[in-house]
Structure formats: structure tokens, C-alpha cells
Amino acid sequence: MEDMSYASVVDDANLSIICSNCFMKGGKLLCCANCKIVYYCSKECQRNDWAIHQHECKIFVKVQRKPPTSIRLICRILIRRMSDPASFKEIENLQSNRNLFKQEKIEPFVQMSMVVRECVPKEAILNSSDMIELFCRFTENSFSIMDGEMIPNGAAIYSNTSLINHSCQPNCVVVFEKSKMMIRCIEPIMKDQEITINYIDVSQPGEERRKELQDRYYFICKCELCEYYKSKSHVDPRSALRCQNPTCSNAIEPPESLELGVEEYTSTCSVCSKEIHYDVADVEKRLSVALEFFDKGTELRDQDDRQAVTFFEQTFKIQQELLYEANYNMIRTRKTLVEIYCNLKDWKKALDHSLKLIESYRILYSKSHPLLSLQIYSTARIYLSFDYNDIKVKDLEKIDELLREALKGLEITHGYQHPITKMVEMNLWDVEGELGLKKGE
């Protein structure tokens with residue numbers, strides 16, 4: 001299934017490197033000579049976008065500032081409505097849940113509406129009530145546009161896809177080819193079975209997922225995954241502790257909060273059968289210290305990765321002793337360490353954490369999930385960053401194995417012709433050639 005946006009914009013961070021019409025990234029982009037805010041990959045794209053941009057361009061010049069991503073998208077929705085009133089039915093048919101929005105959420109919409117009024121022609125402006133209704137629909141139905149590696153680079157409204165319900169264990173995923181949305185199946189779907197996608201990050205623990213869904217989308221998730229982990233006989237890996245037996249690393253249900261008066265927690269590991277005793281106050285104190293280290297490292301990242309990495313390593317040391325490998329906080333720390341070690345070109349440490357992330361992703365995601373395939377591909381690329389003379393035949397064989405698995409998954413989720421799939425395919429050809437040479441030496 002494919003869906004084209006009602007309106008779309010490149011986000012603030014990528015305006016100068018992604019075409020505002022076709023969302024192509026890279027190459028020399030042409031800046032709009034008037035507003036100097038949006039960029040295009042060609043004169044043709046600039047002409048194709050002019051029907052919308054001609055209206056916002058004048059306003060951008062007048063207000064002499066770049067409105068934020070959400071405001072620019074709302075403006076484009078209003079400009080399209082002005083040019084094609086009948087098309088606005090697509091937006092009006094979307095769920096708004098306005099009656100469920102609390103006043104503290106409505107108040108920012110009032111302020112944002114005032115900014116929007118400065119950024120669109122007078123004939124595009126809605127009355128105050130309808131403007132609030134539009135902001136509610138926008139909040140409930142907007143999507144992040146993502147590149148092939150699932151990194152956000154824009155925002156849009158896709159009216160057809162907005163009708164698809166959420167599941168924390170979806171049978172479909174959303175991927176993009178430039179700004180075109182594609183709904184790809186990652187699980188077998190039976191006749192009359194509902195198609196589902198995920199609205200939020202499903203690597204979060206269940207309680208956090210349900211809270212986010214209720215706060216933003218106003219429903220309590222009762223999907224198969226949420227119901228499965230409500231039973232105490234099933235341990236959710238996303239929030240689990242690790243077995244304290246040195247020879248075992250199984251997931252253990254975490255102790256209840258100190259607020260409930262629990263001082264000691266005892267659990268029996270389902271794998272090694274060891275009885276595990278936890279001092280709840282000690283566990284919570286150590287994990288709290290780990291989060292403080294993580295926050296301090298995050299503050300330092302903009303200044304110096306070498307200083308920041310010390311705090312993230314301290315975070316990891318504590319979490320590794322207490323948390324299961326697929327625990328949400330453990331994964332977050334590992335991902336951060338991979339990024340930093342890649343920036344520092346410490347490929348060995350980056351590789352160690354990246355390989356562990358693959359193991360964690362295998363626990364959380366189905367074998368066809370794009371995040372697993374992309375993590376496998378990312379790990380292969382770290383291998384390829386090593387000095388050529390340090391890469392042995394066994395390393396190339398491992399890289400070949402990783403690329404083949406990543407390619408198989410991406411062909412399912414992204415398709416054979418997607419740029420990221422083609423890139424993996426080319427990397428695989430190169431590795432096969434190098435492997436042949438190494439074996440022939």
C-alpha cells in the first residue's frame with residue numbers, strides 16, 4: 001500500500017540538505033532566492049512546488065524568520081485548502097478528539113494559531129474554533145517522514161494511513177521513499193485480519209507505551225503484546241532486570257516501587273532456577289545514579305564526546321550489572337555509546353556494543369522488522385570502517401553474513417529498488433569481491 005501526503009515539509013534541521021518538493025537528499029541544492037528558507041534539487045522541483053510555496057514565500061520574507069516545522073506544515077495545509085477547498089474533506093474526516101484535549105493542551109494551540117495567521121494569506125485563515133480543531137487533528141494524525149535508515153527528516157499528513165490502527169506488535173511498518181509513504185507487511189496477514197502499524201516507539205516498557213498512547217491519542221492499548229505482558233508469568237524484556245547468576249543472563253521481573261513499601265524482592269530465575277534476592281532500595285538508588293550519569297553525558301555531548309563518553313560508560317557499567325540486555329534503558333545507553341565511539345573512530349568498542357544491540361533487537365522485533373535489518377547493516381558498516389589490513393577472512397565472512405541478512409530484511413520492508421536496499425546490495429558485492437581476493441592471497 002502506498003500513500004501520498006496531503007501536505008508535507010522538511011524539518012528545520014534538514015531544510016538546507018533535503019529538497020522541499022521531492023525530499024531527495026544530497027547534491028547541490030538550489031535555495032529559494034526570495035525567502036532563502038526552502039531548497040530544491042532542481043528547477044523542475046522548484047516549479048512543481050511553486051503553487052504552494054508562492055504563498056508562503058511572500059510571508060516568510062515579510063516576517064523575516066523561519067517558522068518551526070509544525071507551523072510550516074499547518075500553513076501548507078491551509079494554503080492547499082485555499083487553492084483546492086474540496087480536498088480539505090480529507091482533513092475534516094480525520095479524528096480530532098478535541099473533546100478529550102485538556103485546556104492546558106489547547107492553550108498552546110491558541111498561541112500557535114496567532115503565529116499561523118501571520119504566515120498565510122488572509123483568505124486561507126480559519127476562524128478561531130476551526131483553527132483549534134485543525135491543530136487537534138494535526139496532533140492526532142501527523143507523521144514523521146523518515147529516510148531509509150528510519151531517521152526523521154520531515155513531517156506530513158497522510159489521510160489514508162491515519163485510518164490504520166496502532167499495535168505494539170504490528171503486522172505492518174511505515175517506510176518512505178522520499179516523501180511517498182509505503183505500508184509494508186512484516187508478518188503474515190490472514191483474510192479479514194486487521195492491518196496495524198505502531199504509532200510510538202515499541203521498544204519502551206509497556207507502562208510507558210500505554211501512558212504515551214493515552215496522553216496523545218486518548219486510548220488504552222489492549223493489543224496482543226500489552227495483554228501478553230500483563231500476566232506476571234511473562235516477563236517484559238523492555239523493563240526486566242538480569243539474573244544475578246554470573247553464568248546466566250535471563251530476564252527477571254523487576255521489583256515493585258519503594259512507594260508500595262517493598263524493601264526486599266525475591267524471584268526465581270526460570271532458566272537457571274536460582275533464587276534471586278534484591279534490595280529494592282539499593283537497586284533503585286544505583287539505577288537512579290546511572291540515569292544521572294546518562295543525563296550528564298547527554299549535556300556534554302555537544303561540547304566534547306571524549307568527556308561525555310566517560311559518563312555513558314559509568315551508566316553502562318551500572319546498568320550492565322542490573323538490567324537485562326533488551327531493557328529499554330540498556331539499549332538506549334548502548335546506542336549512544338555506538339554513536340560516540342563511531343564519532344571517535346574507536347571501531348572496536350563501537351562494534352562490541354553494536355553486535356550486542358543486534359542480540360537485543362532480535363528479542364524485541366520480528367525477523368523482518370526494519371529496525372533489526374538496519375541495526376545489522378549498521379554493524380556491517382562498522383566492520384568495514386576498520387583498517388583494510390586489520391580485516392581478516394573470518395571478518396569478511398562475518399560481514400558477508402550480516403549484509404545478506406540485512407538485505408533479505410530490507411527487500412521485504414523497503415523493497416528491491418529502495419536506495420537503502422541498493423546500497424546494501426552494492427556493499428555486499430564489494431565484500432564478496434574482497435573476500436575472493438583475500439582467499440586467493
So, for [X] and [Y], is the gap between ring centers shorter than 6.0 Å?
X: H369; Y: Y361; value: no
X: Y218; Y: F101; value: yes
X: F312; Y: F294; value: yes

Ion pair [X]/[Y], N-O distance below 4.0 Å:
X: R210; Y: D215; result: no
X: R301; Y: E339; result: yes
X: E118; Y: K62; result: no
X: E313; Y: K317; result: no
X: D12; Y: R72; result: yes
X: R362; Y: E405; result: yes
X: R404; Y: E401; result: no
X: R286; Y: E321; result: yes

Point-to-point distance, once rounded to the nearest 0.5 Å, from [atom1] of [X] to [atom2] of [Y]:
X: Q46; Y: C32; atom1: CD; atom2: SG; result: 6.0 Å
X: S129; Y: N127; atom1: OG; atom2: CG; result: 6.0 Å
X: S360; Y: R238; atom1: OG; atom2: CZ; result: 11.5 Å

In terms of relative ring orientation, are [X] and [Y] parallel, tilted or perpendicular, with 30° and 60° separating the classes?
X: F219; Y: H166; result: tilted
X: H418; Y: H414; result: perpendicular
X: Y40; Y: H53; result: perpendicular

For [Y], is the NZ or CZ atom of [X] found under 6.0 angstrom from the centre of its six-membered ring and inside 45 degrees of the ring axis?
X: R81; Y: F88; result: yes
X: R65; Y: F60; result: no
X: R216; Y: Y199; result: no
X: R381; Y: Y377; result: yes

